[in-house]
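In what follows, a structure is listed as structure tokens, so that the remarks can point back to it.
Just so it is clear: chains get the letters A, B, ... in the order the sequence lines come, proteins before strands, and each one is counted from 1.
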Amino acid sequence: MASLPKRIIKETERLVSDPVPGIKAVPHEDNLRYFDVLMEGPSSSPYESGVFKLELFLPEDYPMVAPKVRFLTKIYHPNIDRLGRICLDVLKSNWSPALQIRTILLSIQALLGAPNPDDPLANEVAEDWKKDESNAIETAREWTVRYADKK
Amino acid sequence: MSGSEFSFSEEGYSSFDEDDGYQLSIGDTDVAFDPDASQVEVKYSYPDATTSTKVPINRIKYQALSYDDVDALLTEKIKSVNGILQVGDDESMVLLQKFNWKVERLLEKFLDNPIRTYDSVGLNYNAVRVQPEKLIVVDPHFFCPICCSEGSEENPLTTFHSGGCDHRYCVNCYATFLKEKTTLTCMDTECHSVILPSELKSLSDCILNAESVLGDASNGLAASKTEASADFYGYASDSATTRGNDYSDDEDAAELDSDGEEIEEQRYLVEYRKRKLEKAVQDKEKQRNKSLYSRYRSKIMKDHVSQQADFRLCPALDCPGIVRFIDFDSNSASSGITGLEQFANQHRSFPIVECSYNHFFCFYCSKDNHVPIPCPIVKAWIKKCKDDSETANWIDNNTKPCPQCDTNIEKNGGCNHMTCKTCCHEFCWICMGLWKDHKDFYKCNRYQEVKDDSPQKENSRRYLEKYLFYYNRFAAHQTSFKKDREFCSKLDFLIQKVQKRNKVSWIETQFYEEAVRILLKGRHTLMWSYAFLYYVEPCRLKHLIEDSQFELSKAVESLSKLIETVKPENIIKYRQRFIKESGLLKSHKYALVDICLDALASDELLISIPT
């Protein structure tokens with residue numbers, strides 16, 4: 001494999017020396033472009049009691065293209081589908097090379113705190129959310145307890 | 001053979017969105033596009049206004065343009081819009097791009113609210129932009145947040161930013177970021193400031209300069225430089241092109257005159273063909289890819305062309321040809337045709353155009369040159385072939401067993417008169433019948449309708465049989481067409497050899513090339529005529545078409561056989577025969593096209609296209 005770009009080295013160093021509160025991202029030893037991510041659910045959200053596992057991969061063209069991020073822990077959220085894929089503008093069309101791993105992870109954490117059922121990825125979840133929000137939030141809470149690690 | 005091949009696989013036609021541009025109506029009044037503005041010749045989609053029996057044909061008037069022609073048109077359009085808006089050529093271009101090159105819409109929006117229109121493309125109406133040449137800053141203390149490189153006193157970083165903001169990044173990062181884009185904006189997440197074409201040019205020039213300095217420094221190591229720049233633009237440098245100049249055609253041909261170096265010859269032939277075909281297109285392409293700016297410009301132009309209903313990119317693989325619709329001819333006008341779809345649905349319409357690189361295609365459906373059959377039948381046939389491709393898959397084998405000795409035979413040329421190498425059995429590849437029966441009793445172009453007296457359950461089988469009958473012939477000619485064209489691609493090389501051996505001039509060998517081209521066109525017409533006849537109900541006219549088709553197939557097979565059997569070094573001896581046979585083929589081809597057009601114009605012809 002080609003040597004790691006300076007940008008990725010810098011970002012990784014900073015993730016270790018100055019971690020984002022509530023988020024832990026550690027690169028694999030054998031592949032420094034592949035990160036294991038642990039993300040705490042944001043407070044005052046149905047996910048607040050849990051810690052979620054994600055995987056993050058920096059493609060060859062990073063930072064010209066967005067990192068690939070996916071939830072590994074099952075989660076009940078209108079913008080995250082059954083495979084853990086995330087519908088978030090900054091991961092797709094609104095990606096800019098000026099964004100970083102940390103800013104992307106923070107955006108994902110913010111998405112947990114502010115679900116957007118009007119732009120859904122998981123249609124059924126989004127419908128439940130729109131029909132009966134309090135019930136949907138309850139389900140999200142239950143799923144968090146059942147599938148996510150305890151804080 | 002998979003059905004999708006019918007969308008003109010042999011040319012490697014790109015998969016086009018069929019609906020592309022058809023929502024727009026042809027003939028939109030477009031202030032900036034005056035047909036007379038360009039000096040390119042206006043052609044008709046068919047040379048004559050009527051068939052030989054004086055049946056009028058609907059034609060279109062068109063121009064075959066090159067990238068450069070369209071580029072000039074684009075510049076003109078931008079200038080004329082700027083003449084109204086008075087905001088600058090660059091700004092006009094960015095605005096036009098935003099409004100999909102619709103002048104009317106842009107003017108309407110702009111006059112309604114210039115500030116908001118400006119804002120929508122990332123321009124600031126009231127701010128003064130930094131001059132393009134001042135956007136490149138050499139800074140020893142700069143840290144680029146994208147690639148994390150740092151400048152130093154010895155090695156300062158060169159930075160760039162948009163004329164509308166001051167978010168600086170190093171030129172390499174900016175160039176990589178912009179290289180695939182057509183909408184150019186600042187890299188910052190919150191800033192939507194646009195980068196104007198002249199500003200991009202400034203960045204592009206800066207990169208080019210840096211590359212040439214690099215090239216000079218490495219003491220003229222041209223190869224590494226081309227590779228570096230090719231790499232930069234994400235283009236693998238093809239050995240065939242980079243080494244292209246190393247070969248001098250004469251030298252190599254001379255070398256080949258010493259016989260016995262057959263392997264060398266083969267290798268050269270492959271190389272030569274590849275080069276010959278690709279060079280013209282690649283040279284242009286290379287020119288366009290040379291700099292960030294020219295890449296951008298050619299992308300903009302492609303976008304522009306695909307968004308205009310009266311332009312078509314040539315669907316042939318990598319062909320840079322562009323065809324521009326000018327008008328319908330007087331026949332069409334008098335039959336009340338105003339739109340392209342209406343035109344294409346008429347049976348007597350002829351929308352086949354030729355791009356500047358001699359590819360023929362249908363202006364309406366961007367498909368193959370499907371003379372003599374109308375677009376709706378082509379559409380139905382291609383769909384039918386796609387649907388039934390599973391059933392027809394077995395047809396797509398290039399080998400058939402000899403009907404006499406069962407030796408597997410692979411067809412490696414276009415001629416359908418086969419002679420088995422094992423048992424010397426002569427047969428027709430299409431119907432597998434004895435060839436000697438074909439001389440005066442050639443029936444294999446004619447489908448024998450079965451008398452309708454068998455039980456209902458037999459019907460579907462019979463439909464399939466009928467389809468397979470026509471499909472078989474369509475596919476056989478398609479395969480032969482491909483083989484013939486392969487042959488055509490090495491023609492230049494062969495002719496060169498003939499010239500050397502026989503000491504004749506280029507002009508004296510032209511009859512041969514002409515014959516091969518006529519054969520190709522004839523076979524192509526023949527191929528489509530089978531698709532056409534599948535939809536035609538049995539009637540007097542169908543028999544007439546079949547008769548004419550029979551004559552054409554005879555002529556095609558005869559010329560094909562001649563081309564295949566006469567060795568290139570002997571062609572001069574057979575000159576008269578080549579000329580005679582190709583002339584015959586040509587007239588038979590026109591006869592078939594004529595008779596089809598005549599039939600299409602008549603009420604007698606019954607066409608059943610299932611809806």
Exercise for review: Counting only heavy atoms closer than 4.5 Å, note whether B:Cys173 contacts chain A via side chain, backbone, both or neither.
Suggested key: both
Review point. Applying a criterion of heavy atom separation less than 4.5 Å, what residues of residues 87-103 of chain A form contacts with chain B?
Key: A:Ser96, A:Pro97, A:Ala98, A:Leu99
Review point. Can you name the residues of residues 133-150 of chain A that have some heavy atom under 4.5 Å away from a heavy atom in chain B?
Key: none
Review point. Around B:Lys134, counting heavy atoms of other residues, nucleotides and ligands shown, do more than 12 lie under 6.0 Å from its NZ?
Key: no
Check your understanding: Are the side chains of B:Pro145 and A:Arg7 in touch, meaning some heavy atoms are under 4.5 Å apart?
Key -> no
Point to revise | Crowding at CZ, A:Phe57 (>12 non-hydrogen neighbours, <6.0 Å) | key: yes
Point to revise | CG (B:Asn100) with more than 12 external heavy atoms under 6.0 Å | key: yes
Exercise for review: Measure A:Lys10 against the heavy atoms of chain B and call it side chain, backbone, both or neither at under 4.5 Å.
Suggested key: side chain
Exercise for review: Report the distance from atom NZ of A:Lys6 to atom CD1 of B:Ile146, rounding to the nearest 0.5 Å.
Suggested key: 14.0 Å
Review point. Heavy-atom count around B:Lys109 NZ within 6.0 Å, excluding the residue itself: above 12?
Key: no
